[in-house]
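Single-structure report; data block below.
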Amino acid sequence: MRLINTRTHRLEEFIGQNIPPYAILSHTWEDDEVSYQQYCALLADMGPSEYTSSFTALLRKVRQRESLINQDQRADRIDLSAYNDVKGIRKIERTCRLALAAGLDYAWIDTCCINQSSSAELTEAINSMYRWYQRATVCFAYLSEFPSRATLCSGAGAEASSDMDAEWVPRPKDNPTFIDCLRRCRWFTRGWTLQELIAPESLYFYNAEWEEIGSKASLLTSLTAITRIPKDVLAGDRKLFSICVAQKMSWAARRTTTRTEDLAYCLLGIFDVNMPLLYGEEEKSFRRLQEEILKSSTDMSIFAWESTSPSNANLAIDLQDRSFSGIMAYSPLQFESCTDTERIPSHKPLDVSISSNGVKMRIPKSLHAKAGGLRYVLPLYCRSRGKLCGIEMRKCGSDVFIRANPWRLEEYRDQDMRRSNSSRTFLMLTTLPEVGTLCGPDANDIRLLIGLTRTHGLQFAINHEIDMGYVWPPERFDHEDQMFFVFGDPNWDYCSLNFQVNVSKRLVFDCDFLAVGWSNSSRQDIQCSIVDHQAHGGALRYVRSQMESDPPREWFLGSLSKSGIPVCSSVVYSIPETSLCAKISFRLSPVHDARLCSNKFWNVSFDTEIGPSTDIHQDHSLQWNQESVEET
């Protein structure tokens, strides 16, 4: 760490834990800031005796030297009398003076203590910045827009300011002029000053004339009102790690930085993470920040952001006016409404990891019953505005999801949800799927996003008399569309569906439906069967156990042939205490809906017929034909 000796103005370097007590400056950058190179050039021209002279003389020498060097290029701009107005120089002088008054021999100022031409040094400094402010004995925050005491008392609101005593101790709650001036300062709008407000234990504010206007402790109420940061956080009574990611992101929502990347880099200390700096990556830096946070935290509130508008350019819109996006936010601005978001504990361990194209999760996702049917909802284990929060998801591949309707959070009650294959790992994409990689005139129609991720499908028409049970393989079934699907290679076009037919409250028939080869366009190339679950459920579980490695359809057919499960077009049940029977059968119909599947797919519907046992007969059963299913 490089520090300024407040007595000699020399730069001195300290390594490791051997760092003396120091003061630190917090400010917003202005014109005429003094860089490390400029400060070194200044010191190189000074003899030992000159270090004890007034700093003003030092500044004159710098100004003269710079003017001589650039005289040929800037002859029309030379003004040697302007050296006293160099803002950066004055900041160094006043910081050293305040540090000395506080009994400190060293001070740190970002402009001249970091060699920003060295990428390695800049990376180390930015990754260490929060700790440097946290370890400082005292921090001086210079608010260059805050008027002097004389200006404030002589302007509008002077009556309200008349009760300020000679020690210039403001009372913000009684002084609206003071609060307004404080709120208008750029210091409260810049990204870097967020950590500079939170990290120091001792922080004092100074106006444009370097008059003290209060401390963090004395201005706590006003600071909370301006920044939306809770008082206990500013006072240091509550640790940052106890606050959820979404709420901390909301503190930066209204802040800006000169460079796009710095909006992520200035938050490293707030989230206690480190990462290399890659200037030129622009918005990708904020995605990398979120990835680093997820590497050390399972705080799901990081996904509790809301897009600023349904028509945002980062989103895709489908024909039902639902929009889609990746799982990651693109800016802290999307967390603006998360000021009251609180994390709630999960009853199960959460497993979240980063992959090359998204976020892998082993977290119970849920199905939420809505007016349009079932929707996937990912619980975020947090509350906002007093309600449980989740995000709506849309399936777009084998255990692959994107976010749906990202301009809002999904509020839900536990009793309205049912778990869906909670033990499986699934992937939430960081960006939308590349829909333009497929051929055809509609390949670039964003409204067909979901359909373009499926080349073949088998959909079920489920009415109010039918309750769906276990679906297999679950990774290739979409509960929202009630459809099995494959993408590309059709050799995985096999499935089974368990369902119950509710004839009455007391009469329920438990069935299994199996299908192989539904990627074929010809009905005669598809093998389907409906069987009684009680009779064949054990054999079907055995078949599924043989398919754990997810082999192609030939293996599935071979296992079915060995299992003894027949090929039946219907199943007949006797109705107890009557002479009636119920016959449950199925029908396959071709469908073309590009929103659901890029090619024609099959729809399965079930029929129930009840009649005398003498009139209803079981259809003849067949055997599975391993040679009848051919590739599409």
Side-chain angles (χ1 to χ4, degrees), residues 1-2 11 13 24-41 87-88 91 108-134 186-199 245 248-296 302 305 308 312-314 326-335 354-359 430-431:
M1 187 178 189
R2 189 179 290 115
L11 289 172
E13 292 194 22
I24 199 165
L25 176 68
S26 175
H27 66 114
T28 55
W29 282 38
E30 303 171 273
D31 297 333
D32 291 332
E33 297 289 357
V34 179
S35 70
Y36 169 74
Q37 285 77 13
Q38 291 172 323
Y39 198 68
C40 287
K87 296 176 183 178
K91 288 179 183 178
W108 186 89
I109 303 173
D110 56 355
T111 52
C112 60
C113 290
I114 301 175
N115 181 6
Q116 298 197 42
S117 64
S118 168
S119 59
E121 182 172 330
L122 183 62
T123 297
E124 179 184 2
I126 289 179
N127 278 274
S128 305
M129 196 81 69
Y130 186 90
R131 293 189 297 275
W132 289 352
Y133 277 89
Q134 189 178 46
R186 287 179 63 242
W187 194 86
F188 292 102
T189 68
R190 305 302 290 170
W192 289 107
T193 54
L194 174 60
Q195 64 180 357
E196 297 165 15
L197 169 64
I198 296 173
V245 170
K248 286 186 283 192
M249 286 289 189
S250 73
W251 303 339
R254 299 176 182 176
R255 294 177 179 260
T256 59
T257 54
T258 302
R259 303 194 67 164
T260 303
E261 298 87 350
D262 284 338
L263 200 53
Y265 302 156
C266 72
L267 299 176
L268 294 178
I270 299 292
F271 293 102
D272 194 22
V273 297
N274 300 96
M275 67 184 199
L277 311 187
L278 301 173
Y279 283 105
E281 64 175 339
E282 297 183 342
E283 288 84 0
K284 291 181 181 178
S285 61
F286 190 66
R287 185 197 302 175
R288 285 203 299 127
L289 172 65
Q290 295 169 84
E291 291 173 351
E292 289 299 325
I293 294 171
L294 287 170
K295 289 178 182 178
S296 59
I302 194 173
W305 54 269
T308 52
N312 189 282
N314 289 274
I327 185 65
M328 298 289 196
Y330 67 86
S331 165
L333 181 62
Q334 294 182 301
F335 292 91
I354 300 298
S355 71
S356 58
N357 58 349
V359 182
T430 304
T431 58

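Just so it is clear, the structure is predicted and the values come from calculations on it, not from any experiment.
No donor-acceptor distance shorter than 3.5 angstrom exists from the side chain of Asn115 to the backbone of Gln37, with no hydrogens or angles considered. No donor-acceptor distance shorter than 3.5 angstrom exists from the side chain of Tyr330 to the backbone of Lys284, with no hydrogens or angles considered. Looking only at distances, no side-chain donor or acceptor of Ser128 sits under 3.5 Å from a matching main-chain atom of Ala125. Of the possible polar contacts, one joining the Ser355 side chain to the Gly358 backbone as a donor-acceptor pair under 3.5 Å is found. Remark: side-chain polar atoms of Glu33 are paired, donor with acceptor, to backbone N or O of Glu30 under 3.5 angstrom. Remark: the backbone N or O of Leu333 is not paired with any side-chain donor or acceptor of Trp305 at under 3.5 angstrom.
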Q.
Pair Ile270, Met249 - check side-chain contact (heavy atoms from CB on, under 4.5 Å), show working.
A. CA-CA 9 Å; Ile270 299 292; Met249 286 289 189; over 6 Å; no

Q.
Let's go through Met1 and Glu13 carefully: what are the C-alpha distance in whole Å and the side-chain angles of both, what is the deciding distance for side-chain contact (heavy atoms from CB on, under 4.5 Å) to 0.1 Å, and is it a yes or a no?
A. CA-CA 6 Å; Met1 187 178 189; Glu13 292 194 22; over 6 Å; no

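Contact annotation: the side chain of Leu268 approaches that of Leu289 to within less than 4.5 Å [non-hydrogen atoms, C-beta and beyond]. Considering only heavy atoms from C-beta on, Tyr130 stays 4.5 Å or farther from Asp272 through its side chain. Side-chain contact between Glu292 and Ile354 is absent, with no heavy-atom pair separated by less than 4.5 Å. Within the 4.5 Å cutoff, side-chain heavy atoms of Thr260 are placed close to those of Glu283. The shortest distance between side-chain heavy atoms of Trp108 and Ile114 falls below 4.5 Å.
In summary, the side chains of Thr257 and Arg190 do not present any donor paired with an acceptor at a separation below 3.5 Å, with no hydrogens or angles considered. A side-chain donor from one of Tyr279 and Asp262 sits under 3.5 Å from a side-chain acceptor of the other. Residues Thr111 and Trp29 bring no donor and acceptor atom of their side chains to less than 3.5 Å of each other. Checking Arg186 against Thr193 by side-chain atom types alone, no donor-acceptor pair falls below 3.5 Å.
Scanning both residues, Ala329 and Phe335, for their nearest heavy atoms gives CB-CE1, 3.6 Å. Minimum interatomic distance between Thr430 and Met328 (heavy atoms only, all atoms of both residues): CG2-CG, 3.8 Å. In plain terms, the two heavy atoms of Ile302 and Gln290 that are nearest each other are CD1-O, 3.7 Å. When every heavy atom of Leu11 is checked against every heavy atom of Cys113, the shortest pair comes out as CD2-SG, 4.2 Å. Closest of all the heavy-atom pairs between Tyr265 and Leu278 is OH-N, 2.8 Å. Taking both residues in full, the closest heavy atoms of Leu194 and Ala252 are given as CD2-CB, 4.0 Å, listed atom of the first, atom of the second, then distance.
Seen from the ring of Tyr36, Arg2 counts as a face-on cation partner, given the 6.0 Å and 45° thresholds.
Using a 4.0 Å cut-off between a side-chain N of Lys or Arg and a carboxylate O of Asp or Glu, Glu291 and Arg288 do not qualify as a salt bridge.
In this structure, NE2 in His27 is found 4.5 Å from NZ in Lys91, a value given to the nearest 0.5 Å. Considering CE of Met275 and CG of Leu277, their distance stands at 7.5 Å, rounded to 0.5 Å.
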